[in-house]
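Have a look at the structure below, then the notes.
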Amino acid sequence: MGGVSGGGRLESGRPWPLGAHWDGRGVNFALFSAHAEAVELCLFDDGQMRTLALPECSDQVWHGYLAGAAPGLCYGYRVHGPGDRRGRGHGHGHGHGHHGHSHGHRFDARRLLLDPYAREVVGRFSWPAPDNPTHCLKACVVDEEFDWGNDAAPAIAWADTILYEVHVKGVSRLHAGVPQALRGTYAGLAAPAMIDHYRRLGVTALNLLPVHYFLDEQRLANEGRVNYWGYNSLAFFAPEPRYAARVGGQSVIAEFKTMVRSLHAAGLEVILDVVFNHTAESDETGPTLSFRGIDNLSYYRLPAGHLARYENFTGCGNTVNLAHPRVLQLVMDALRYWVSVMHVDGFRFDLAATLTRDSAFLAALRQDPLLQRVKLIAEPWDIGPDGYRLGRFLPGWSEWNDRFRDDVRSFWLTHHAGVAELAQRLAGSSEVFRAAGRAPQASINFVTAHDGFTLRDLVSYQKKHNELNGEGNRDGHGHNHSSNCGAEGESSDPAVLERRRRLQRALLTTLLMAQGVPMLQSGDEIGRTQAGNNNAYCQDNELTWLDWPKADTDLMEFVAGLLGLRRRFRQLRQRRWLTGEAIAGGPPDVVWWHPAGRTMGVADWQSKKLNALGVLLAPPPAEVDAGATLLCLFNRDEIPVSFLLPHGAWLQICDSSAQAPFAVCQRERTSTVPARSVQLLSLA
C-alpha cells in the first residue's frame, strides 16, 4: 500500500483534474459538490483511518494536495451539507423522513463515500450497507504507467464490422483450452484458445457486457444470487475486480490493459457496454455509497415538487442527471479515460435515450476530438416519456435495431411478418435511418442478444421459463416471436430437431446477408441453451456460461462459413443505400426476385400467401475484385419452392439446410430451395 506523509496537512492543490492523481511526488484530490459545506478526505493505511479536511473549494470543486502520497493509497470522502443526518437515528443510509430530502439533499457525514472518479475500487461490498468505514468500499490511487508496446487500434471500418456480444466470465469459464486459473477472467477472455475461436469464426469486435465496477442488488444478495450481467454500475472509471485473475500479482487495471493489447494484436476491437443512465444507489430506499451523499441534487434527476424521490426513466430506481454540466463532464471524462488510457475502441450505451433527454450529451460527443473516432452504439430507448428513439440519433452513431430482431423472427418463426418486412430489414432498414443522412451501418442487426432467448431457445420454447430467477416467472419479455417447433424444450423427436436445425441456420443466414452491422450473441454459434430462461441476469452458473464441452461444432463451422461469404461479397457490406437503379452503366444494385422468375410487383409485396423471396445483389461497380453477382433465395414455407433464376450460369455456394452447406454445384434455369432455408448463388 502506498505510504502517506506530509505531516497530516493538506496543501491547497488544484481543482483539476477531478479525482485523485499522482504526479510523482504527491497526490492531488479534487471532488465536485455544488451543495457541500465541508469535505473530509479519509485515508487508510494499515487498517487505520486518518481524516483531513479538504482546504479549498474553487467553483464547487473541493480540493487538496497530499505531499508524499503515492499509488496504492486507499481513500474515501465524508461530505457535510444542508440537513446533514450526522447525529440522527438512521438505518443503513436509507434515510426515511429526513427533512433535507424535501430540498433534494441526502448528506450524511458519517458515510464513507466512494470517489466518482475512482480508478480502482477495493473492498467487497456486502448487505446491509456497512456503517464501519473500514468495511466500506474505498478508492485506490493508481499509477497509469503500462507498457503498451506497439499497440494500435484495429480501426475496422463500420461496414466490415462483425460484433460478438460476450460476457467476460461466461465465455471462457468452461473452456478446456483456457488455463484453469484464467477461466472467467479478463486474461481468460484473451487467452490464445479464445482468440483462436474469435478468429476462426471471423468476428471483428468483442462487445463486452458491463465491466465498470458494479454491485449486486440487495434482493439478489438476500436470495443468494448475483447481478451476473452487471448493469448496476457504481464506479465509471474502475474495471470490475471480480473478473480479475490477478496472476503474478498483476493489478486489475494492468490485466484489463493486457487483455486489450492481446485482442488488438489479433486484429480484434474491444467495445464496452456502458451504463451511465442509473447507478447502484437505486431508489430512495437504497444505500448512500457515492453520488447520493456527495451531491444528490446535482447527480440525479428528481421530480419537481417531490425532491425526496427519484425520476425512474430506467426502471432501476434512479436516473443520472446528464443535464447537469458536471455530471455530463463525469461521463465524458470516463469515456475519454477508457479510450486514451485503457485503449478501448468504442461503446454501446445502455438505455441511451436516458442520456440524451434534456442534455447536451450528443453534442458533446459529436465535437470531442478523441471520441469522434471510436464506435458509438445506442440502445435507443428507455421507459421514460418519448422513450423509444430508434433512428433518432445523429450521423456517426449506430443503433440496436429491434425492428430487425422482431421482423426477422416473425418472418421465420411466427409468419406474422411477410416478404415486404423481410426485404426492408435486408436492405438495412432504410425507412428508419436514411432520412437523417446516415449510412446502412447505422443499423445494428441482431436476432438474439444477452437480453432474451438464446438462438437455440428461440426455436425450442414458445414461452419463457424464468422460475429460477425467483420472481415467479413474471420477469422477462412475454412477446418473444419464438416457436418451439412442436415440443416445448428439449426433444428427441427427429422431425422437431430437424426443424429447429433448419430455422437456426435460416435465422443466422438472414442476419449475415443483411445490410448493416450484424451482431452475434456469443454461444449462439455453438448451440447454447438457457433452458428457456429469457432474462438470465442473475444466473452466474452453468445456465449462462458457454457450454464448450457440448458445443455444436457443425453450427460453429456454418457460422464461420457465412462470415467468410460476407467478407467475400462486398455487396453484403454496402456503404450506401440500395436504390434498385443502375449504377455507372452497370446493372441495378438490387433486384427483388419472385420465385416465378420476375421482379416483384406491388401485388407481390402485398401478398399474404407469398412465403419465398429472392434478392439479386450486384457488386459495387467502382470496386476492384468486388466479387460476382450474388443471389439470395429465402423460403420459409413448409415445402420446397422452385425459383426460376435470372439469365446466366449460376453456382450454388450455400444451402443453409444441407448437411454440407457450402458444397458448390451448378444451377441452370431453376433452383429448388428446401423448406425453411436460405440458398445463396453466385454468377459464375
Side-chain angles (χ1 to χ4, degrees), residues 1-4 18-22 26-31 40-52 66 68-79 93 110-146 168-169 184-187 210-216 221 226-227 230 232-259 279-281 287-294 334 337-338 341-342:
M1 181 174 288
V4 183
L18 292 168
H21 293 271
W22 180 57
V27 176
N28 191 80
F29 296 88
L31 178 76
E40 295 172 297
L41 173 66
C42 303
L43 304 172
F44 295 85
D45 201 358
D46 296 326
Q48 301 298 310
M49 185 178 83
R50 294 171 54 202
T51 301
L52 302 171
L66 184 60
L73 173 64
C74 294
Y75 71 97
Y77 291 109
R78 282 175 163 169
V79 181
R110 285 174 301 185
R111 296 271 157 224
L112 185 76
L113 302 173
L114 189 66
D115 184 355
Y117 280 75
R119 301 308 204 248
E120 183 177 356
V121 179
V122 296
R124 188 66 191 258
F125 180 81
S126 61
W127 293 98
D131 286 325
N132 187 335
T134 59
H135 297 151
C136 292
L137 296 174
K138 304 168 190 68
C140 196
V141 178
V142 301
D143 181 357
E144 303 287 10
E145 285 298 314
F146 180 77
V168 171
K169 181 176 184 179
T185 69
Y186 299 120
V211 297
H212 288 170
Y213 186 94
F214 64 90
L215 299 183
D216 304 316
V226 299
N227 186 323
N232 200 37
S233 301
L234 183 65
F236 298 137
F237 292 77
E240 173 53 56
R242 71 182 81 182
Y243 300 144
R246 302 181 190 272
V247 173
Q250 190 178 39
S251 72
V252 181
I253 294 173
E255 184 176 333
F256 187 94
K257 291 177 177 178
T258 303
M259 173 195 76
T279 79
E281 291 185 308
T288 297
L289 303 171
S290 180
F291 311 95
R292 173 177 300 186
I294 294 170
Y337 174 78
W338 286 97
V341 176
M342 306 295 262

task: Begin with the C-alpha distance, continue with both residues' side-chain angles, and end with the deciding distance and a verdict on side chain to side chain contact (heavy atoms under 4.5 Å, CB included) for Leu52 and Leu66.
output: CA-CA 10 Å; Leu52 302 171; Leu66 184 60; 4.3 Å; yes
Which distance, rounded to the nearest 0.5 Å, do you find between the [atom1] of [X] and the [atom2] of [Y]?
X	Y	atom1	atom2	result
Arg111	Cys42	CZ	SG	13.0 Å
Tyr243	Met259	OH	CE	11.5 Å
Arg292	Leu113	CZ	CG	11.0 Å
Asn28	His21	CG	NE2	8.0 Å
Met342	Ile253	CE	CD1	5.5 Å
Leu114	Leu289	CG	CG	8.0 Å

query: Is the centre of the Phe29 ring less than 6.0 Å from the centre of the Tyr75 ring?
result: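 Ring centroids of Phe29 and Tyr75 are less than 6.0 Å from each other.
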Evaluate the side-chain proximity of [Y] to [X]: yes if any heavy-atom separation is below 4.5 Å, no if none is.
X	Y	value
Phe125	His135	no
Val122	Leu137	no
Arg246	Val252	yes
Lys169	Thr185	no
Val341	Lys257	yes
Tyr77	Leu112	no

message: Please verify the inter-ring angle class for Tyr186 with Phe256; under 30° counts as parallel, over 60° as perpendicular, anything in between as tilted.
response: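 Rings of Tyr186 and Phe256: perpendicular, as their planes differ by over 60°.
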Closer than 3.5 angstrom, by distance alone: can the side chain of [X] be matched with the main-chain N or O of [Y] as a donor-acceptor pair?
X	Y	answer
Asp216	Asn227	yes
Asp46	Gln48	no
Asn232	Leu215	yes
Glu255	Ala244	no

To check you understand the geometry: which heavy-atom pair defines the closest contact between [X] and [Y], and what is its length?
X	Y	answer
Arg119	Tyr337	NE-CE1, 3.2 Å
Leu73	Phe44	CD1-O, 4.1 Å
Tyr213	Pro241	CD1-CD, 3.4 Å
Phe236	Ser233	CE2-CB, 3.8 Å
Glu40	Thr51	OE2-CG2, 3.4 Å
Pro116	Ile294	CD-CD1, 3.5 Å

Under 3.5 Å side-chain donor-acceptor pair for Glu281 and Ser290: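 The criterion, which ignores hydrogens and geometry beyond distance, is not satisfied for Ser290 and Glu281.
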task: Kindly indicate, with the supporting measurements, whether the criterion side chain to side chain contact (heavy atoms under 4.5 Å, CB included) is fulfilled by Arg242 and Arg124.
output: CA-CA 10 Å; Arg242 71 182 81 182; Arg124 188 66 191 258; 4.3 Å; yes
- request: Dump the intermediate steps for side chain to side chain contact (heavy atoms under 4.5 Å, CB included) on Phe146 and Thr258, then the final yes or no.
  value: CA-CA 9 Å; Phe146 180 77; Thr258 303; 3.6 Å; yes
task: For the pair Leu31 and Leu41, evaluate side chain to side chain contact (heavy atoms under 4.5 Å, CB included) and give the outcome as yes or no after the intermediate values.
output: CA-CA 10 Å; Leu31 178 76; Leu41 173 66; over 6 Å; no
